[in-house]
Amino acid sequence: MSSADGVRFTLDGREVVAQAGETLLAVADREGVPVPRLCHLDGYRPDGNCRSCVVEIDGERALAPACCRTPAPGMRVSASGERARHAQRIVVELLLADVHDDAVTRPYRHDSELAHWARVLGLARSRFPARRPAPAPDASHPAIAVRLDACIQCGRCVRACREEQANDVIGMAWRGAHALPAFDAADPLGASTCVACGECVQACPTGALAPAHQAARSAPERSVDSLCPYCGVGCAVRYHVREGGIAYVEGADGPANRGRLCVKGRYGFDYARHRDRLRHPLVRREGAGKSAQLLPPERFVEVFREASWDEALDRAAAGFRALRDAHGPRSLAGFGSAKGSNEEAYLFQKLVRTGFGTNNVDHCTRLCHASSVAALMEGLGSAAVSNPVADVRHADFVLVIGANPSENHPVAATWIKNAARRGTYLVVADPRRSPLARHAQRWLGFRPDTDVVLLQAMLHTLFAEGLADERFLRERASAADALRASVAAATPEAAALVCGIDAATIRDVARRYARARAAMILWGMGVSQHTHGTDNARCLIALALAAGQIGRPGAGLHPLRGQNNVQGASDAGLIPMVFPDYRRVGDDGVRAFFERYWGTALDAQPGLTVVEITHAIAEGAIRGLYVMGENPAMSDPDVAHARAALAKLEHVVVQDIFPTETAGFADVILPASSFYEKWGTFTNTDRTVQLARAVVDPPGDARADLAIVQALARRLGLDWRYDGPHHGVAAVFDEMRRAMPSIAGITWARLLRDGAVTYPCAAEDDPGEPVVFRDRFPTPDGRARLVPVRRTQADELPDADYPLVLITGRQLEHWHTGSMTRRASVLDALEPAASASMHPGDLARLGLAPGRRARIATRRGAIELALRADEGIAPGSVFVPFAYVEAAANLLTNAALDPVGKIPEFKYCAARVTPAATG
């Protein structure tokens, strides 16, 4: 019978209960009844094509696939009876006949599901003859080996590629016994459009698609569940360890990824064992001077010598103490890291504030979403996203603007693509036609630097056509009349002349957004990295508030965070103007709390930001710098100026895992732990605090970052004692949460048990709030604030000498300054050299050609690199990734700052492209 408790039926003679929608296969698994399956994979759409899971149902003539069938009340099912087991054996034996001998006797992966079920069913070999010749192996791809002699035509790889990741590379080609997976138009995998996410590899039950390296053929010695060290999505990962190193990786069932990964998460792990790893402390040799020129890693031995930990730490602390005592606390500064854990970020900013005595502490949020944070704090009272990325499944309209998630946040992009295929109306707005635009109903390719014009025209449409949610504005927002007046003249017709999007399209998109049951806006650094980045974000916030599209599932705002812990590092206070939880350093009450909590007086003056610190070094105001896990010699704008500033410093301590470009300017280098070698918490772009576990040990004498920071703090006179395993990480987290109401309810024990909790989480029994701002905003009056803006232009516009627009950013295979990904063998093999992308029309007009080298110059510098033709690049612009030291894009970029967020204008400056002298 069926009831609220589920459906009661009989399985192998036992009465069992199925929950609503549960299949016979799911019930059998839960009840411990072994049922083979080869085309089925939990989480994927059931296909039922392999028929290895057939069961017998009383009263039915044909056997039924358990993966597709749900039980009915009173149904009597036999999964292990003679008829069912005979059919299961025959199916698996026939499939074994399709797999050639080598793939049976020594499977291409140790956990071959076909081999497993053959053993369970007592099958060693097939009695049946092979139906087809063995296809030749395809070794054309550096990440994935293709051995279709092991293929059983289950179709999992097709569903993985087309339905889960929505990349549309794999399909089944040919007919009958000759049917096999094909890539694009039956191309070699290495020549196809495959993005190497590896979903097909993880899905394949036989190893027909497997990691190109042979590590997956041997069983791991142990497996560790942790996180991915790359972008802000925060994917859960299972690391398989053998002989002290990571052998291979699979996606785990985390809240952000549900088993999915991208190329970096799946194949970008072996940098941790690269020959360049720092294994011992280093100190600069006597007489080894500094210059603004970069020091190549192979020359570090000439400039630095090995030292003991005591010598290195003593020298590091003595240098800071001397400068602090002679020139005052504000002569020192610290750059923390968004790649480190929450605990590391918290201790680092605490050290700078209590050990140095200054608020001159910042990190890469200043270079990515500082303007978004400023606008969100100003408008909503909180810098956090309102909804998780996966909430797009609840939206019927999604706007992605100034972002390229397919390359920068690939797993997040899969949820957006999935939503679009289910019918969500997707609009992609960006001067560059990104891969996500293929899935969009509309692509708004507006002219660079005209974001505000486009968004104000959409706001105008809402007010002019009565589409604004007046009740929401009246009850939950302030300054609506001022906003209304500010866009009164911003007609779509006027905007079309400036931004290049016709008026009818602007109106249509605005109407659809306002009328949607639930609509989300997601944006990236194409919005934030401008001198008007704060204004861009203000317009997006105003659009959501004017339409009432916030505070509900599927309705909200989400700035996609770039690095794995940029959200958490910001939350933990790694920002010069706020303490943990974004409490202003200039607020007397807030400062008094932290003075009591930390037991020392604190500076009342906000500190300097990343770029301001660089200017202060050049002016002689800052003389000492502590850098943990950042690389300003590559990441800062106008980086030649930044390198000259680093060379001028009197005392530099760099704590890192590699001899980075910045490390070459150091006086002391402290070898740190990679992500895989430490415990800690990380907060992803969804506001989810997740636990990362150590997977392998650090090499040589390298130490955990928490241990290094504490040792340095004690030498600066701070009596820090964080007891417990893993250098007191749990004790540090407990101190953090007691100072941060947003995570007060998240205990270390809870993280050990659950792995992930979303904040705000005020109490230990609070489940957390994935969607915020439901009833009020965290402002004094509970209302959001609408901020009218006036259009301003970029700091530097194209002219006759520099007629093009330079746009910089990331690419799929590389991340940030490349210090990790360019030392990951697969990622470097996929993208080994720098290149610039231009529209084919511009290449032809300028007498350039794809594959040829070009010289790109701005008013700050020039680089040479190869060219690529890309029809997605807006005519009149050139795109350069910034991960390549040999063609460092930031030699070209403009250091002009947004006046509010203090973020540099990475996304716009004037440039010139000419043929390189070397061709």
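It should be emphasised that the depicted structure is a prediction, and the values quoted were computed from it without experimental measurement.
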Verify side-chain contact (heavy atoms from CB on, under 4.5 Å) between S635 and L367, making sure each step is shown before the conclusion.
-> CA-CA 8 Å; S635 61; L367 307 179; 3.9 Å; yes
To the nearest 0.5 Å, how far apart are CG in L459 and OH in Y513?
-> 9.0 Å
So, D168 and R421, do they make that salt bridge, N to O below 4.0 Å?
-> yes
Would you mind listing every side chain to side chain donor-acceptor pair (under 3.5 Å) that reaches into residues 447-467, with sequence neighbours excluded?
-> D449-H532, E465-R511
Output yes when a side-chain donor or acceptor of S371 lies under 3.5 Å from a complementary backbone atom of D535, and no otherwise.
-> no
Any side-chain heavy atom of R810 within less than 4.5 Å of one from C231?
-> no
Heavy atoms only: give me the nearest T808-A889 pair and the separation to one decimal.
-> CG2-CB, 4.0 Å
Side-chain donor-acceptor contact under 3.5 Å, T414 with R260 | yes
Does any non-hydrogen side-chain atom of S434 lie less than 4.5 Å from one of V428?
-> yes
Rounded to the nearest 0.5 Å, what's the gap from CG on N387 to CG on D686? Could you check?
-> 9.5 Å
Mind running side-chain contact (heavy atoms from CB on, under 4.5 Å) on Q441 and F397 for me, showing each step along the way?
-> CA-CA 10 Å; Q441 279 78 4; F397 181 102; over 6 Å; no
Stepwise, does the side-chain contact (heavy atoms from CB on, under 4.5 Å) test hold for I550 with L380?
-> CA-CA 11 Å; I550 193 167; L380 307 182; 4.0 Å; yes
Would a distance-only check, ignoring hydrogens and angles, find a side-chain to backbone donor-acceptor pair under 3.5 Å from R438 to R433?
-> no
R484 meets the side chain to side chain donor-acceptor pair (under 3.5 Å) criterion, sequence neighbours left out, with E470
Residues T534 and D898: side-chain donor-acceptor under 3.5 angstrom | yes
Indicate whether any N or O donor in one side chain lies under 3.5 Å from an N or O acceptor in the other, for T505 and D508.
-> no
Can you measure from OH (Y908) to CG (L806) and round to the nearest 0.5 angstrom?
-> 11.0 Å
Can any side-chain N or O of T365 pair as donor or acceptor with the backbone N or O of H369 at less than 3.5 Å?
-> no
Should we count CZ of R422 as having more than 12 external heavy atoms under 6.0 Å?
-> yes
Would you say I807 and V878 make side-chain contact, with heavy atoms under 4.5 Å?
-> no
Output for pair (L797 CG, Y802 OH), nearest 0.5 Å, gives 15.0 Å
Validation row: N684, Q690 side chains within 4.5 angstrom (heavy atoms) | yes
Identify the two heavy atoms, one from M520 and one from P388, that lie closest to each other, and give their separation to 0.1 Å.
-> CE-O, 3.7 Å
CG-CG distance between L497 and D502, expressed to the nearest 0.5 angstrom | 11.0 Å
Which atom of S877 lies closest to which atom of L804, heavy atoms considered | N-CD2, 4.4 Å
Residue pairs passing the salt bridge (Lys or Arg N to Asp or Glu O under 4.0 Å) test where at least one lies in residues 768-781, sequence neighbours excluded | none
Does F777 have R476 sitting over its ring (NZ/CZ under 6.0 Å from centre, angle to axis within 45°)?
-> yes
For the residue pair R442 and Y425, establish whether any side-chain heavy-atom pair is separated by less than 4.5 Å.
-> yes
Not counting sequence neighbours, list each pair that qualifies as a side chain to side chain donor-acceptor pair (under 3.5 Å) and has a residue in residues 549-567.
-> N342-N565, Q549-R552, H558-T685, R561-Q567, Q563-H816, Q567-D571, Q567-Y582, Q567-Y759
So, R366 side chain and G901 main chain: donor-acceptor pair closer than 3.5 Å or not?
-> yes
Can you find a heavy atom in the side chain of V392 that is under 4.5 Å from one in the side chain of L522?
-> yes
Are the side chain of D396 and the backbone of A518 linked by a donor-acceptor contact shorter than 3.5 Å?
-> yes
C909 backbone acceptor or donor facing N894 side chain under 3.5 Å | no
Counting N and O atoms only, with roles assigned by atom type, does the side chain of T758 sit under 3.5 Å from a partner on the main chain of T688, one being a donor and the other an acceptor?
-> no
Given side-chain contact (heavy atoms from CB on, under 4.5 Å), test R258 with V411 step by step and report yes or no.
-> CA-CA 10 Å; R258 299 301 175 197; V411 172; over 6 Å; no
Are the side chain of R785 and the backbone of A477 linked by a donor-acceptor contact shorter than 3.5 Å?
-> no
By ring-ring contact (aromatic ring centres under 6.0 Å, His included), W815 pairs with (sequence neighbours left out) Y230
Taking the six-membered ring of F579, is the NZ or CZ of R584 close enough (under 6.0 Å from the centre) and on axis enough (within 45°)?
-> no
Is there side-chain contact between F463 and L473, with heavy atoms separated by less than 4.5 Å?
-> yes
Nearest heavy-atom neighbours spanning A338 and C364 = CB-SG, 3.4 Å
Minimum side-chain heavy-atom gap L436-L426 below 4.5 Å | yes
Is it true that a side-chain atom of S382 and a backbone atom of A384 form a donor plus acceptor pair closer than 3.5 Å?
-> yes
Side-chain H-bond candidate by donor/acceptor type, Q811 with E407, under 3.5 Å = no
Point-to-point distance, once rounded to the nearest 0.5 Å, from CD1 of I903 to SG of C368 = 6.5 Å
Which atom of L462 lies closest to which atom of A510, heavy atoms considered = CD1-O, 3.7 Å
Does CZ in R45 sit with more than 12 non-hydrogen atoms of other residues, nucleotides or ligands closer than 6.0 Å?
-> yes
Let me see the working for R507 and E493 under salt bridge (Lys or Arg N to Asp or Glu O under 4.0 Å), right down to the final yes or no.
-> CA-CA 10 Å; R507 282 196 173 89; E493 285 74 17; 2.6 Å; yes
S742 and D581: side-chain donor and acceptor closer than 3.5 Å?
-> yes
Exactly one of I401, I506, V427 clears side chain to side chain contact (heavy atoms under 4.5 Å, CB included) with L444, and that residue is V427
Counting N and O atoms only, with roles assigned by atom type, does the side chain of H363 sit under 3.5 Å from a partner on the main chain of L574, one being a donor and the other an acceptor?
-> yes
How about S372 and W523: does a side-chain donor come under 3.5 Å of a side-chain acceptor?
-> yes
Specify the closest pair of heavy atoms between D391 and P553, including all atoms of both residues, with the distance to one decimal.
-> OD2-CA, 3.3 Å
Residue pairs involving residues 372-390 (criterion salt bridge (Lys or Arg N to Asp or Glu O under 4.0 Å); sequence neighbours excluded) = E378-R538
